2 protein chains.
Amino acid sequence: MSFVDYSIRVLRSRGYKVTRPRREVLDAVERAMAPVSPYDISRIVQQRGKHLDHVTIYRVLGLLCSLNLVHKVLSRGGFVKCDLLDEPGCHRFLVCRQCGVLQEFTDEALCYQESQIARRMGFHSEYHLTESSGLCHRCR
Amino acid sequence: MSFVDYSIRVLRSRGYKVTRPRREVLDAVERAMAPVSPYDISRIVQQRGKHLDHVTIYRVLGLLCSLNLVHKVLSRGGFVKCDLLDEPGCHRFLVCRQCGVLQEFTDEALCYQESQIARRMGFHSEYHLTESSGLCHRCR
DNA sequence: AGGTCAAATGCAATGGTGTTGCATTACGGC
DNA sequence: GCCGTAATGCAACACCATTGCATTTGACCT
């Protein structure tokens, strides 16, 4: 099942309406290889001859984040679709510093070790976010 | 040697001038337990009866970042002093989601494993940034 | 100590980013 | 197809960040 179809199922199952703006945002995020900002999405939608208010885009992205369907990539200020939907507490991204292309991965062992180190430092960690910067296969 | 004194040495050694604004920003960052934003620093300086233009603060923080004396904490949009000055390619923070207090640590094994995973994914990683969110000792 | 000059700062203006309140629209259930 | 409510669009606003340029000042030299 595609990301858009899956997301629509999630929206319906949680009682959220499936609207044109939400479909448009999902579609823009699905196609993107690199993180897209709210204003990027605004431009993408306009290029298709349609229009979405930027406030709506912010609200849709906020909802999709809360449903763990998309992530905010802090180092880029943009959003990407969530590829690993069943790993809620630990997200790792490889972001190419040149083209911005992004790959998501997860690693249980890393996650466990980080929690242990945190515990030794008197800290109860709930969420790990790693953004590794480097060069992707193509940009090298 | 204190963080401020060390930073001043670095500035001098690289040919940068040691000015009042730079001292003020360094001092504000040194005292802070949690990340401080440029506008936070502006307020801190004002409380001491002095004044710095926010543009200057941005520029000073940019310089200090480029010298690896401070870090930007993405999840908080603020800056902290760098505690581990000799670990340039790998930075890990524990950030308390309640009070914002921050602890820096590093771990060579984690860093190595991350690089290996990245390599297997066709990615040459240069910089790891992990921000773990959770609760600090006091907030629990 | 004081003059010199480039680096650094302050100011004004501007553009981008993100939020709030409210009237209007349109989706989903009947 | 109608209805009620959730969702959107609009206007306005607040905050964040950057740029260009005139003025100031720290470091160097004598």
Side-chain angles (χ1 to χ4, degrees), chain A residues 4-5 7-29 35-46 48-67 69-80 100, chain B residues 4-5 7-29 35-46 48-67 69-80 100:
Chain A
V4 172
D5 290 339
S7 300
I8 286 173
R9 278 173 64 110
V10 171
L11 286 172
R12 285 233 162 81
S13 73
R14 303 287 198 98
Y16 294 104
K17 294 181 179 176
V18 177
T19 63
R20 185 183 70 83
R22 286 175 182 170
R23 286 177 191 276
E24 302 259 26
V25 170
L26 285 169
D27 195 63
V29 171
V36 284
S37 74
Y39 285 88
D40 288 337
I41 293 174
S42 179
R43 279 172 225 118
I44 290 167
V45 171
Q46 265 187 337
R48 296 189 210 149
K50 296 168 187 175
H51 177 260
L52 286 186
D53 194 273
H54 77 276
V55 179
T56 301
I57 297 171
Y58 274 98
R59 288 194 276 226
V60 171
L61 287 170
L63 175 63
L64 298 179
C65 276
S66 75
L67 296 172
L69 295 169
V70 306
H71 297 300
K72 182 164 192 178
V73 181
L74 298 173
S75 58
R76 292 258 158 182
F79 295 80
V80 289
Chain B
V4 172
D5 290 339
S7 300
I8 287 173
R9 278 174 65 111
V10 171
L11 285 172
R12 286 232 162 82
S13 73
R14 303 286 199 98
Y16 294 104
K17 293 182 180 174
V18 177
T19 62
R20 186 185 69 84
R22 288 176 180 167
R23 286 177 191 277
E24 301 260 24
V25 170
L26 285 169
D27 195 62
V29 171
V36 284
S37 75
Y39 285 88
D40 288 338
I41 292 174
S42 179
R43 278 172 226 120
I44 290 167
V45 171
Q46 264 186 338
R48 295 191 212 148
K50 297 170 187 174
H51 177 261
L52 287 185
D53 194 273
H54 76 276
V55 179
T56 301
I57 298 170
Y58 275 97
R59 288 193 277 226
V60 170
L61 288 170
L63 174 64
L64 298 179
C65 275
S66 76
L67 296 173
L69 295 169
V70 307
H71 298 299
K72 183 165 190 177
V73 181
L74 298 173
S75 58
R76 291 260 158 181
F79 295 80
V80 289

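Chain letters run A, B, ... following the sequence lines, proteins first, then strands; residues in each count from 1. Keep in mind the model is a prediction, meaning the values are calculated, not measured.
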**OP:** Can you sort out the partners of A/S75 under side chain to side chain donor-acceptor pair (under 3.5 Å), two or more places apart, ordered by chain and number?
**Re:** A/E131
Original post:
What does nucleotides 22-30 of chain D look like as a protein-contact string, B for base, S for sugar-phosphate only, - for none, at under 4.0 angstrom between heavy atoms?
Top reply: ----BS---
Subject >> Whole-Å distance separating the CD1 atom of B/I57 from the C1' atom of D/dC15 >> reply: 15 Å
Original post:
What is the per-nucleotide protein-contact pattern of nucleotides 18-24 of chain C, from the 5' end, where B denotes a base atom under 4.0 Å from a protein heavy atom, S denotes such proximity for sugar-phosphate atoms only, and - denotes neither?
Top reply: BBBB---
Original post:
What residues, two or more places apart in sequence or in another chain, satisfy salt bridge (charged side-chain N to carboxylate O under 4.0 Å, His left out) together with B/D27?
Top reply: B/R31, B/R48
Subject >> Residue list, side chain to side chain donor-acceptor pair (under 3.5 Å) with B/S37, at least two apart or on another chain >> reply: B/D40
Original post:
Looking at residues at least two apart in the chain, or sitting in another chain, which of them share a ring-ring contact (aromatic ring centres under 6.0 Å, His included) with A/Y58?
Top reply: none
Original post:
Between the two end axes of the helix from C/dA1-D/dT30 to C/dC30-D/dG1, each built from 5 base pairs, what angle do you get to the nearest 10°?
Top reply: 50°
Original post:
Can you name the ring-ring contact (aromatic ring centres under 6.0 Å, His included) partners of B/H51, sequence neighbours left out?
Top reply: none
Original post:
Please give, in whole Å, the distance from C/dT17 P to A/R76 CZ?
Top reply: 14 Å
Original post:
Got a sec, which residues hit side chain to side chain donor-acceptor pair (under 3.5 Å) with A/R12, two or more places apart in sequence or on another chain?
Top reply: none
Subject >> Rounded distance (Å) that lies between atom C1' of C/dT9 and atom NZ of B/K50 >> reply: 16 Å
**OP:** Could you list the residues that satisfy salt bridge (charged side-chain N to carboxylate O under 4.0 Å, His left out) with A/K17, not counting sequence neighbours?
**Re:** none
**OP:** Return the value, rounded to whole Å, for the distance between atom CZ of A/R23 and atom C1' of C/dG28.
**Re:** 13 Å
**OP:** Write down the distance between CG (B/D53) and C1' (D/dT19), rounded to a whole number of angstrom.
**Re:** 13 Å
**OP:** Please state how far atom NE2 in B/H51 lies from atom C1' in C/dG10, giving the value in whole angstrom units.
**Re:** 8 Å
**OP:** If a pair satisfies salt bridge (Lys or Arg N to Asp or Glu O under 4.0 Å) and one of its residues is in residues 49-61 of chain B, list it, with sequence neighbours excluded.
**Re:** B/E24-B/K50
Original post:
Separation of A/R22 atom CZ from D/dA6 atom P, in whole Å?
Top reply: 11 Å
**OP:** Return the value, rounded to whole Å, for the distance between atom CD1 of B/I41 and atom C1' of C/dG10.
**Re:** 17 Å
Subject >> Straight-line distance of A/I44 CD1 to A/L52 CG, nearest 0.5 Å >> reply: 11.0 Å
**OP:** List in chain and number order the residues that pass side chain to side chain donor-acceptor pair (under 3.5 Å) with B/R9, two or more places apart in sequence or in another chain; answer none if no residue qualifies.
**Re:** none
Original post:
Checking side-chain contact (heavy atoms from CB on, under 4.5 Å) against B/L63, which of B/L69, B/V25, B/L11, B/V70 comes through?
Top reply: B/L11
